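As the structure is a computational prediction, the values presented were derived from the model and not from experiment. Below, chain A is the first sequence line, B the second, and so on; all start at residue 1. FYI, side chains are in, hydrogens and waters are out, and symmetry mates aren't considered; it's all heavy atoms of this structure.
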Protein chains: 2
Amino acid sequence: MRLSTRGHYGLKAMFDLALYYGKTPVPLKAVAGRQKLSEHYLEQLLAMLRRAGLVKGVRGARGGYILSRQPAEITVGDVIRALEGPIAPVYCVNEEEPGDCDEADYCIIRTVWARVRDSIAEVMDSISLADMCRDASKNPDKLI
Amino acid sequence: MRLSTRGHYGLKAMFDLALYYGKTPVPLKAVAGRQKLSEHYLEQLLAMLRRAGLVKGVRGARGGYILSRQPAEITVGDVIRALEGPIAPVYCVNEEEPGDCDEADYCIIRTVWARVRDSIAEVMDSISLADMCRDASKNPDKLI
DNA sequence: TTTAATTCCTAGTATTTTTATCGGAATAAC
DNA sequence: GTTATTCCGATAAAAATACTAGGAATTAAA
């Protein structure tokens with residue numbers, strides 16, 4: 001039950017952008033520097049987030065990235081789905097197009113994974129970037 | 001957020017053993033045949049489950065595997081931890097020995113993953129093999 | 001109009017993890 | 001002693017992950 005670094009780094013980046021929401025675009029380099037991530041790698045993650053409609057890129061000097069919606073309108077679930085695909089502990093309980101357990105046997109197992117999936121989705125969908133910023137402002141140590 | 005096939009196959013095997021609990025040992029070949037899994041691969045999973053103390057191997061002719069505790073005493077969480085390691089969406093919120101996010105920054109992220117972890121663990125720890133057998137007996141179609 | 005800062009794009013590659021496969025030794029029932 | 005089985009260690013193939021590299025396109029500002 002591991003997230004890949006895509007999800008982890010991607011959420012860091014989105015949180016970073018949320019903290020700067022409403023200001024000038026944030027250059028990739030700034031995010032990568034603060035989060036100590038490879039620029040090139042992070043760039044790919046931001047491309048995925050852009051294609052998913054979660055961020056916008058502003059090209060040219062003084063460009064950077066900005067969230068395409070308000071932080072309150074973007075959840076952890078949005079970010080993770082953009083980077084890791086639909087939430088699904090196993091293929092047969094995929095949120096979008098559940099693969100078919102060709103044999104209809106043993107599907108008690110499937111109900112277990114469905115409960116796990118729902119529980120993950122519920123948590124992720126209930127936390128917005130704005131929630132995270134609010135928590136951060138209560139603990140200044142944890143700010144950037 | 002994917003489980004590897006180890007967890008998926010392993011839970012299938014444990015459920016299979018639970019359905020035969022109290023009877024003669026179940027040979028690997030029988031489990032593999034019913035679940036349509038590679039014998040050799042399943043053997044490795046059962047070795048992991050044995051080392052974790054969840055099953056016992058009975059060697060020799062008429063041997064096989066049996067659960068080492070009653071199905072009510074074994075949860076999905078036990079099985080998954082034995083096969084996939086401690087539940088942890090990311091290394092820094094590992095259930096057992098959380099890796100240290102050397103930089104103390106951005107750890108709002110960590111609280112998010114901790115909530116995800118707890119929610120997964122809560123579901124997995126609340127479902128026992130006995131619960132699954134009970135559900136199965138209500139839906140005879142889903143029995144072996 | 002040049003320069004510098006930046007996103008955007010495509011491709012490649014090294015590493016790690018996953019998913020097996022193989023062959024045989026040890027054990028025990030019949 | 002034969003057969004059915006677990007147990008063990010090694011290896012290999014496949015897939016995913018995590019990154020690296022280089023350069024084209026775009027834009028602000030000097």
Side-chain angles (χ1 to χ4, degrees), chain A residues 1-13 16-17 20 23-33 35-68 80 83-86 88-91, chain B residues 1-13 16-17 20 23-33 35-68 80 82-85 88-91:
Chain A
M1 292 309 288
R2 287 272 159 93
L3 224 48
S4 74
T5 60
R6 286 198 298 280
H8 191 188
Y9 294 177
L11 186 61
K12 284 186 174 199
D16 197 305
L17 294 183
Y20 287 92
K23 304 188 177 161
T24 57
V26 182
L28 175 66
K29 191 172 281 190
V31 179
Q35 308 291 346
K36 302 192 179 153
L37 302 175
S38 148
E39 286 180 43
H40 271 297
Y41 187 43
L42 188 55
E43 185 184 329
Q44 289 175 48
L45 306 184
L46 282 167
M48 296 177 79
L49 292 164
R50 180 169 44 80
R51 286 191 289 269
L54 297 177
V55 303
K56 282 179 193 159
V58 178
R59 302 179 74 161
R62 301 274 175 124
Y65 290 93
I66 54 177
L67 298 183
S68 23
I80 294 306
L83 294 166
E84 311 242 353
V90 300
Y91 73 102
Chain B
M1 291 309 288
R2 287 272 159 92
L3 225 48
S4 75
T5 59
R6 287 199 297 280
H8 191 188
Y9 295 176
L11 186 62
K12 284 187 174 197
D16 197 305
L17 294 182
Y20 287 92
K23 304 187 178 163
T24 57
V26 183
L28 174 67
K29 190 172 281 190
V31 178
Q35 309 288 348
K36 302 193 178 153
L37 302 175
S38 147
E39 288 180 41
H40 271 296
Y41 186 44
L42 188 55
E43 185 184 329
Q44 287 177 53
L45 307 184
L46 283 167
M48 296 177 80
L49 292 164
R50 179 170 45 78
R51 286 191 288 269
L54 296 177
V55 302
K56 282 179 193 162
V58 179
R59 302 178 73 161
R62 300 276 176 122
Y65 289 93
I66 55 178
L67 299 182
S68 23
I80 295 305
L83 293 166
E84 312 241 353
V90 301
Y91 72 103

Between [X] and [Y], what is the shortest heavy-atom contact and its length?
X	Y	value
L3(B)	M1(A)	CD1-SD, 2.9 Å
G10(A)	L45(A)	N-CD1, 4.1 Å
L46(A)	V55(A)	O-CG2, 3.9 Å
L17(A)	Y65(A)	CD2-O, 3.7 Å
L54(B)	A82(B)	CD1-CB, 3.9 Å
P25(A)	R62(A)	CG-O, 4.1 Å

Need one value for L46(B): base, sugar-phosphate or nothing, where a base atom within 4.0 Å counts as base even if backbone is also close, heavy atoms only.
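No contact at all - L46(B) keeps every heavy atom at 4.0 Å or more from the nucleic acid.
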Round to a whole Å and report the spacing from [atom1] of [X] to [atom2] of [N].
X	N	atom1	atom2	value
M48(B)	dT18(C)	CE	C1'	11 Å
Y91(A)	dT18(C)	OH	C1'	16 Å
R2(B)	dT17(D)	CZ	C1'	14 Å
E39(B)	dG23(C)	CD	P	15 Å
L17(A)	dT7(C)	CG	C1'	14 Å
L37(A)	dT17(D)	CG	C1'	15 Å
K29(B)	dT3(D)	NZ	P	13 Å
I66(A)	dT6(C)	CD1	P	15 Å

Examine [N]: is either OP1 or OP2 under 4.0 Å from a nitrogen or oxygen in the side chain of [X]? Give yes or no.
X	N	answer
Y9(A)	dC19(D)	yes
S38(B)	dT21(C)	yes
R6(B)	dT18(C)	yes
T5(A)	dA18(D)	yes

Kindly give the atom pairs (protein nitrogen or oxygen, nucleotide nitrogen or oxygen) under 3.5 Å for nucleotides 10-12 of chain D.
none

Mind checking the OG1-OH spacing from T5(A) to Y91(B)? Nearest 0.5 Å is all I need.
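Going from OG1 on T5(A) over to OH on Y91(B), the span is 10.5 Å.
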CG/L42(B) to NE2/H40(B) distance, rounded to the nearest 0.5 angstrom?
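Between atom CG of L42(B) and atom NE2 of H40(B) there are 11.5 Å.
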What nucleotide among dC7(D), dT7(C), dG22(D) has an atom nearest to a side-chain atom of H40(A)?
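Of the candidates, dG22(D) comes closest.
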Closest to the Y41(B) side chain: dA20(C), dT17(D), dT6(D)?
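Selected nucleotide (nearest to the side chain): dA20(C).
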Residues K36(B), Y9(B); criterion side-chain contact (heavy atoms from CB on, under 4.5 Å); working and verdict:
CA-CA 10 Å; K36(B) 302 193 178 153; Y9(B) 295 176; over 6 Å; no
Produce the list of close N/O pairs, under 3.5 Å, pairing protein atoms with atoms of nucleotides 28-30 of chain C; give distances to one decimal.
none

Can a donor-acceptor pair be found, under 3.5 Å and without considering hydrogens, that links the side chain of E84(A) to the backbone of S4(A)?
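Answer holds: yes.
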Select from L3(B) and R51(A) the residue whose nearest nucleotide in DNA chain C is closer to the 5' end of that strand.
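That would be R51(A).
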